[in-house]
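Working notes, structure below.
Everything numeric in this text was worked out from a predicted model, so none of it was measured.
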Amino acid sequence: MTADSTTPAQSHGAAQIEERASHWVQKKHFWGWTADDQVALDAWLAQSPAHRVAYLRLDAALNRSNRLAALKAPLSARAAPAKFRPYLSKLVAVFALVALIGGGISFLNPGPTIATYSTQVGARQTVALADGTHIEMNTNTRLRVALSKTERKVWLEKGEAYFQVTHNAKRPFTVYAGDKQVVDLGTKFLLRHEPGRLEVNLLEGQVEIGSEKNAKLGTTVLNPGDSAIVTANAVSVTRKTSRDIIEKLGWRRGVVTFDRTTLADAVTELNRYNRHKLIVTDPAAARITIGGTFDVNNVETFIDIAREDFGLKTQNRGDETVISK
């Protein structure tokens with residue numbers, strides 16, 4: 001059952017189960033117990049796992065209270081006279097009421113449903129949330145989602161994800177990346193979380209960037225086309241064309257686009273998607289610029305271009321290929 005699926009009828013049914021379980025516990029311990037009572041109790045317990053859980057919880061609570069009372073009382077007082085049994089009966093009723101109230105609160109105000117999602121190197125995954133929001137996860141990404149009736153929270157622990165959020169002003173959607181937070185204001189946005197750095201690209205709507213732990217960072221509202229780099233104490237915002245941002249989302253189609261990108265930066269980007277790593281050892285080779293669209297999982301084509309178009313040397317060393325002049 002999800003946090004949004006509890007109905008008043010279900011809560012009322014739970015209350016009836018707690019009340020009936022309290023009746024059985026009191027009868028068994030204080031009102032006299034017969035073989036017929038045991039048969040009736042067994043039949044009731046067999047009707048539903050919820051019956052058994054409620055009964056065992058209340059019975060265990062009473063047993064614990066009896067043990068504590070026995071430990072604290074003098075030996076001469078540990079056998080309770082019959083005239084005190086009505087008070088013990090009331091004590092059980094109190095335990096039952098506490099359990100009933102607790103059970104009612106848990107049904108009426110359930111905690112958030114929490115789920116963790118992750119992708120391996122080179123893999124992608126789309127997560128569809130119950131509220132209609134879609135999260136597309138890029139390579140080597142991990143995030144946690146917590147949904148409740150009053151709020152929606154996502155922790156982007158590492159990696160990159162594209163969010164298409166179903167806006168609900170009464171149920172805020174917030175993404176946390178380290179000590180930074182991005183609050184949805186009706187939005188499609190791309191986040192990339194790396195150590196010490198968060199990149200935010202906004203396609204539609206608005207987001208608000210801030211930090212709960214660092215007041216100096218302040219708050220920054222992004223509009224469509226804004227691209228922000230967020231570091232420990234600063235937010236830097238630049239304007240991007242729609243083409244620039246669409247190219248950043250190329251990984252959704254399994255490609256990455258370079259435009260006058262240095263060989264060193266291109267290799268770093270491709271290494272995100274592949275276990276076979278490219279290494280540029282020559283500073284002069286690292287400064288060469290390259291352009292074009294590449295399949296993120298096809299390092300062989302990139303190696304061929306480096307060798308044939310730029311005259312670079314390549315050396316295969318197991319899980320690595322070294323590129324140099």
Side-chain angles (χ1 to χ4, degrees), residues 1-118 127-133 144-155 168 170-171:
M1 182 180 297
T2 65
D4 292 330
S5 61
T6 302
T7 66
Q10 288 172 319
S11 296
H12 180 65
Q16 289 181 328
I17 291 172
E18 294 284 346
E19 183 179 358
R20 190 61 179 163
S22 174
H23 164 78
W24 283 119
V25 170
Q26 292 183 64
K27 185 172 179 59
K28 184 173 183 179
H29 285 269
F30 305 116
W31 298 347
W33 192 251
T34 68
D36 290 341
D37 291 331
Q38 187 64 50
V39 170
L41 172 60
D42 291 341
W44 185 77
L45 294 176
Q47 289 175 7
S48 168
H51 293 186
R52 184 172 177 81
V53 169
Y55 174 81
L56 292 177
R57 183 172 66 250
L58 294 180
D59 189 57
L62 178 62
N63 288 333
R64 283 196 299 273
S65 69
N66 287 341
R67 284 196 298 270
L68 289 173
L71 289 173
K72 293 180 180 179
L75 289 175
S76 60
R78 289 189 183 178
K83 65 180 181 179
F84 291 115
R85 288 182 182 174
Y87 297 101
L88 292 176
S89 178
K90 291 180 181 180
L91 178 62
V92 174
V94 171
F95 274 105
L97 179 61
V98 171
L100 174 59
I101 292 173
I105 291 173
S106 66
F107 272 89
L108 294 174
N109 298 289
T113 57
I114 301 175
T116 300
Y117 305 92
S118 62
V127 177
L129 303 184
D131 67 341
T133 294
R144 291 181 291 120
V145 178
L147 302 180
S148 71
K149 285 188 173 182
T150 58
E151 58 187 356
R152 298 165 293 171
K153 294 182 178 181
V154 176
W155 288 265
N168 184 342
K170 296 181 179 180
R171 197 179 175 207

Just how far is it from atom CG of Asp42 to atom CG of Leu45, taken to the nearest 0.5 Å?
-> 6.5 Å
Approximate separation, where rounding is to 0.5 Å, of Thr116 OG1 and Trp155 CH2 | 10.0 Å
So which heavy atom on Glu151 is nearest to which on Arg171, and how close?
-> N-CG, 3.6 Å
Between Val145 and Leu129, is a side-chain contact (heavy atoms from CB on, under 4.5 Å) present by the stated rule, with each step listed?
-> CA-CA 9 Å; Val145 178; Leu129 303 184; 4.0 Å; yes
Please name the pair of heavy atoms, one in Leu147 and one in Ala130, separated by the smallest distance, quoted to 0.1 Å.
-> CD1-N, 4.4 Å
Quick one: NZ on Lys153 to CZ on Arg144, what's the gap to the nearest 0.5 Å?
-> 10.5 Å
CZ/Arg52 to CG/Leu41 distance, rounded to the nearest 0.5 angstrom?
-> 9.5 Å
Pairwise distance CG(Asn168) to CG(Asp131) - rounded to 0.5 angstrom | 8.0 Å
